[in-house]
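Below is one structure; the comments refer to it alone.
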Amino acid sequence: MTLILDPDDPTGWREAPGAADRERADEPRSAGHAASDRLTAGLNPQQREAVEYRGPALLIVAGAGSGKTRVLTHRIASLIDGREAWPSQILAITFTNKAAAEMRERVEALLGEAAGGMWISTFHSACVRILRREAEAIGLSSTFTIYDSADQRTILKRIIKELDADTLGFTPASAQAKISKLKNELSDVETYARNVNTNDPNDVMFLEIFRQYTRRLRDASALDFDDLISETVYLFRAFPKVAALYQRRFRHILVDEYQDTNHAQYALIRELTRAVEPDVVAELDEHGVLVRGLTDATGAIPGASLTVVGDSDQSIYAFRGADIRNIVEFERDFPGAKVVLLEQNYRSTQNILSAANAVISNNFDRKDKKLWTADGDGERITGYTGYSAHDEAQFVADEIEALHGAGVAYRDIAVFYRTNAQTRALEEIFVRSALPYRVVGGTKFYERAEIKDAMAYLIAVANPLDELAIRRILNTPKRGIGPATETAIASFAEQNDLSFRQAMRAADGLGLGPKVTKAIIDLAKLLDAAAAMLVPSQKGIDEGTNEGASKVSDVLAFLIEGSKLVETLRTSRDPQDETRAENVEELLAQTKDFDRENPGASLVDFLTQVSLVAAADELDDASGTVSLMTLHTAKGLEYHAVFLTGIEEGLLPHQMSASEPGGPAEERRLFYVGITRARKRLYLSLAMSRAQFGEVSVAMPSRYLQEIPDELIDWKQSPGMATSRGGTQPRALNARRGGYGGGAGGGAWGTRDRDLERFSVTKSAAPKTEWANRVTGTVRDNGDLTLEAGDRIRHTDFGEGTVRQVTGEGTKRIAHVAFDSAGQKKLLIKIAPIEKL
DNA sequence: GGACAAAGCATTTTT
DNA sequence: TGCTTTGTCC
């Protein structure tokens, strides 16, 4: 075993003195005390206790908005400031990379100095860092590839096809879910094989799928997301000396969002907080690892102190294996643990908190906990029931414009929804209303086919064993290497015990046509040439740095040029290929940014970063746009104004959750998380009908809505009586579009007869063209329709109006229109459903 | 081996 | 409804 110095923290391994630092202890203690007062000033008694408590284990039960990030950052700062720990002895686990970056900034701001050497990262990033360093020990290349869900799917699809497993009902998705579940429980193939029921053909088949899947990842030197955690646990268990390096180094471990940890993550924390036995300490000492000052009377290094922060009411990842018991049973797992409860909320108004409390109190089997604030009731929650998803979206857009008009910045506004599919209606209306918005997560840039192609080139260069990547680019762009040729190379590789890549280099011996053979060898040469660019100079190798290696952007540029990837897209007849070419160029620009921001970083670093970005990492605080995201992505964030959309049965709670044990309770927590993101304004909206699979179906208000006391919600248009009569009667509508009827008058669930007439039972069953604000699926194009102030226009939804002003350029020209009955609107001239009169 | 058309299927949430 | 997969023809 080799002991490696931490490159970004040379003092970390050898000189970290821990609590018994002699030199520093000479400094006057009073300075430390003054500093610690500074770090606890302005905290409430519970927060202060959470910052100051010292002991082996601390559980901070932190309700939403109770200042837990503040407590965590102050706690870290106080450990460092009080000379109790070096920055390098801190390991803090956050849920997203963005949260990690923020936490680092805040700690450094508190300390007034850079605190390099702290590990603040996500579980996955921390594990990758450990695994790349220790890859050899578990027979893995340090340039291993990280496979995402799509990669897993591709592989499983191939396996299932080869095994004809679909006849037994296996799908890539089902196998993927099962494998993920097993890995999260730290059950590998061999463990599974021991417990398999050999009489059940389903079990036997699944075992074979699992086996092959594992073997292919191994052969490709690749790990999936779940492996990153479980392999680190296996590494620590199999190599106590390797584990000891990290157990010795990290003296203070802090885990945020502990309620969403799964069993594997829990096991990892257990391994990291284990004490180092005296005999292992002695061995470390022999290898020159500094242990002086860290050992106790028995010669062991005691386990690191553990701080976890969580709120079981915000556990929303059970589907991903998160085990709520990790937090519920913390006191049992870590005897003598101290528990601090943070209930005072500093984020939201009392009305919002009362709604949240009312909803979550319907979950039984939870410790009673009530959020409260000293900041007053604030405004009531606004409710709205749209006729359709588009109508609902229009309400959201109108309210956002009103908020913006009242001085709320777009970036302080967020719209949440349960499923990604709900963005469609919202986007259509937002585009039309010329509202600046951004969808966070969803279909990501890196999931686009052309980007995956370009990335596959880079991966194939970084990890020559990665067959998946090579196969992806084998015929992209088209170079005449079809499935038959691909199979020929694969079987040639198998027969001669070569890797796919080696087989490509030896394509001469395949007996293929001269054209195809040349294409294969040229591609192999291109990849080899790019790989040669990655080798550092002798100086770099000697110093263990990346010096002399080409920059990521240069390697990508070389590959794009050599493969004619962009060139092919540019000369293609398909008009969409132009956009694809631009996307690849955008990727190139991103690698340039990466090179600039991370001098000396390698290609593998870039690939790692791309693999591990979370949806919330894309958020740009300075962006000046409204943020759209799923409720899951919203965790940990907060906004001045929050719109919760689609609060309907079947959507929230989602249909799929009904059959899962604990499903409805988890959905309620999801709603709770959404509510508690709002600081000042909360909007709840739903639609009475929603299109899915192209069919329009009737939607019912969510059961959770009725859990919020009436007096907290001000319905601008309420859901009516539909829920009271067994759902046989379509919902009545009690207000007109545009002019809000103040539906709350007779109680939130009341109806008004006058308006019932307009949308009677028979009317609502009429073709959907009758519905207000219907939006056609196709994007309109008004070409170069020119409008100027004073023009009269007609809009399919808003009727007639007068153009007041035209702003913007080209395709982004916006008409500000005063409609005769619908009020003032902003419209994107190019695509709005309007005609000039 | 590639281009195009028809058919079938899909949507829960994510590192 | 809209995308992906499969089938057919050149």
Side-chain angles (χ1 to χ4, degrees), chain A residues 93-100 121-128 146-150 152-153 157 161 171-173 176-177 180 183-184 223-230 257 260-262 264-265 315-322 389 416-425 440-444 447 449 475 478-486 512-513 515-516 519 572-574 608 610-617 629-635 646 650-660 663 666-667 669-671 673-674 690-697 768 775-778:
Chain A
I93 302 289
T94 57
F95 205 66
T96 63
N97 297 297
K98 183 169 178 274
S121 69
T122 62
F123 268 109
H124 290 86
S125 299
C127 287
V128 170
I146 300 164
Y147 279 175
D148 65 14
S149 318
Q152 286 185 295
R153 246 190 149 86
K157 202 192 273 175
K161 197 169 178 184
T171 64
Q176 186 179 20
S180 176
K183 287 185 178 181
N184 284 332
L223 298 177
D224 63 29
F225 282 131
D226 302 314
D227 286 332
L228 296 178
I229 314 291
S230 57
E257 309 283 8
D260 281 324
T261 51
N262 60 34
Q265 291 166 333
S315 162
I316 54 173
Y317 281 104
F319 75 92
R320 202 168 82 184
F416 302 156
Y417 37 82
R418 176 68 233 268
T419 68
N420 282 306
Q422 288 169 254
T423 53
R424 195 163 292 161
V440 182
T443 317
K444 286 175 226 136
E447 284 169 10
N475 202 27
K478 303 265 187 292
R479 42 172 83 86
I481 310 175
T485 312
E486 189 179 326
L512 295 162
K515 251 177 122 175
V516 189
S572 152
R573 278 176 299 133
D574 187 340
T608 304
V610 170
S611 301
L612 298 180
V613 285
D617 296 337
M629 67 189 86
T630 65
L631 283 164
H632 284 88
T633 303
K635 189 173 79 152
L651 218 45
L652 190 76
H654 196 276
Q655 230 143 27
M656 295 294 182
S657 71
S659 55
E660 289 162 21
E666 175 145 324
E667 298 282 306
R669 289 195 292 269
L670 202 48
F671 188 40
V673 166
R690 197 166 286 274
Q692 53 174 3
F693 300 109
E695 304 269 292
V696 178
S697 57
K768 55 184 175 179
V775 173
T776 52
T778 51

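Owing to the predicted nature of the structure, the values given are computational and were not obtained by experimental measurement. Below, read A as the first sequence line, B as the second, and so on, with proteins coming before strands; counting in each chain starts at 1.
Distance from the side chain of A:Thr122 is smallest to B:dT15 among B:dA3, B:dT13, B:dT15. Distances were taken from every side-chain heavy atom of A:Phe225 (C-beta onward) to each of B:dT15, B:dT14, B:dT13; the shortest belongs to B:dT15. Among B:dT14, B:dT15, B:dT12, the nucleotide with an atom closest to any side-chain atom of A:His124 is B:dT15. Checked against B:dT12, B:dT11, B:dG2, the side chain of A:Glu667 finds its nearest nucleotide in B:dT12.
Between the side chain of A:His654 and the base of B:dT12 there is no donor-acceptor pair of N/O atoms closer than 3.5 Å.
Residues passing the salt bridge (charged side-chain N to carboxylate O under 4.0 Å, His left out) test with A:Glu257 are A:Lys68, A:Lys635, sequence neighbours excluded. For A:Ser121, the side-chain contact (heavy atoms from CB on, under 4.5 Å) partners at least two apart in sequence or on another chain are A:Ser125, A:Ala126. Applying the salt bridge (charged side-chain N to carboxylate O under 4.0 Å, His left out) rule to A:Asp226 yields no partners; only residues at least two apart in sequence or on another chain are considered. Taking A:Thr94 as the reference, nothing meets the side chain to side chain donor-acceptor pair (under 3.5 Å) condition, with sequence neighbours excluded. Partners of A:Arg479 by salt bridge (charged side-chain N to carboxylate O under 4.0 Å, His left out), not counting sequence neighbours: none found.
When the P atom of B:dT11 is taken as reference, atom CZ of A:Arg424 falls 12 Å away, rounded to whole Å. Note: CD (A:Gln265) to C1' (B:dT15) measures 8 Å, nearest angstrom. Nucleotide B:dA10 holds its C1' atom 13 Å from the CD atom of A:Gln655, rounded to whole Å. As a whole-Å value, the separation of A:Phe671 CZ from B:dT12 C1' is 17 Å. Rounded to an integer number of Å, the gap from A:Arg418 CZ to B:dT11 C1' is 11 Å. Taking atom NE2 on A:His632 and atom C1' on B:dT12, their separation rounds to 8 Å, with Å as the unit. Atom CD in A:Gln176 sits about 11 Å away from atom P in B:dT11, given to the nearest Å. Distance CD (A:Gln422) to P (B:dT13): 9 Å, rounded to an integer number of Å.
When ring centroids are compared, A:Phe123 and A:Phe225 stay outside the 6.0 Å threshold.
Backbone-only engagement by A:Thr485 is indicated by non-hydrogen atom pairs under 4.0 Å involving sugar-phosphate atoms exclusively. Looking at heavy-atom distances under 4.0 Å, A:Asp260 makes no contact with the nucleic acid at all. Contact annotation for A:Phe123: no contact, since no heavy-atom pair falls under 4.0 Å across all strands.
Here the separation of B:dT12 from C:dT5, taken at their C1' atoms, is 23 Å to the nearest Å. With both ends at atom C1', the span from C:dT4 to B:dT13 equals 23 Å, rounded to whole Å.
Take the nearest nucleotide of DNA chain B for A:Gly480 and for A:Met656: the residue whose nucleotide is more 5' is A:Gly480. Map A:Ala421 and A:Arg320 each onto its nearest nucleotide of DNA chain B; the residue landing nearer the 5' end is A:Ala421.
When the side-chain nitrogen and oxygen atoms of A:Asn420 are compared with OP1 and OP2 of B:dT11, none of them lie within a distance under 4.0 Å. Neither OP1 nor OP2 of B:dT15 sits under 4.0 Å from any side-chain N or O of A:Thr96. Within the structure, every side-chain polar atom (N or O) of A:Ser149 is placed at least 4.0 Å from both OP1 and OP2 of B:dT14. Put simply, A:Ser125 has no side-chain N or O that comes within less than 4.0 Å of OP1 or OP2 on B:dT15. Note on A:Asn184: every side-chain N or O is 4.0 Å or more away from OP1 and OP2 of B:dT15.
Smallest separation of non-hydrogen atoms from A:Thr419 and A:His654: CG2-CD2, 3.6 Å.
An aromatic stacking contact between A:Phe319 and the base of B:dT12 is absent, as defined here by ring centres under 5.5 Å apart and ring planes under 30° from parallel.
The side-chain heavy atoms of A:Asp260 and A:Phe95, taken from C-beta on, include a pair separated by under 4.5 Å.
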Name the pairs: protein N/O against N/O of nucleotides 4-6 of chain C, kept only if under 3.5 Å.
residue, atom, partner, partner atom, Å
C:dT5, OP1, A:Lys157, NZ, 2.7

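Between A:Leu670 atom CG and A:His632 atom NE2 the span is 4.5 Å, to the nearest 0.5 Å.
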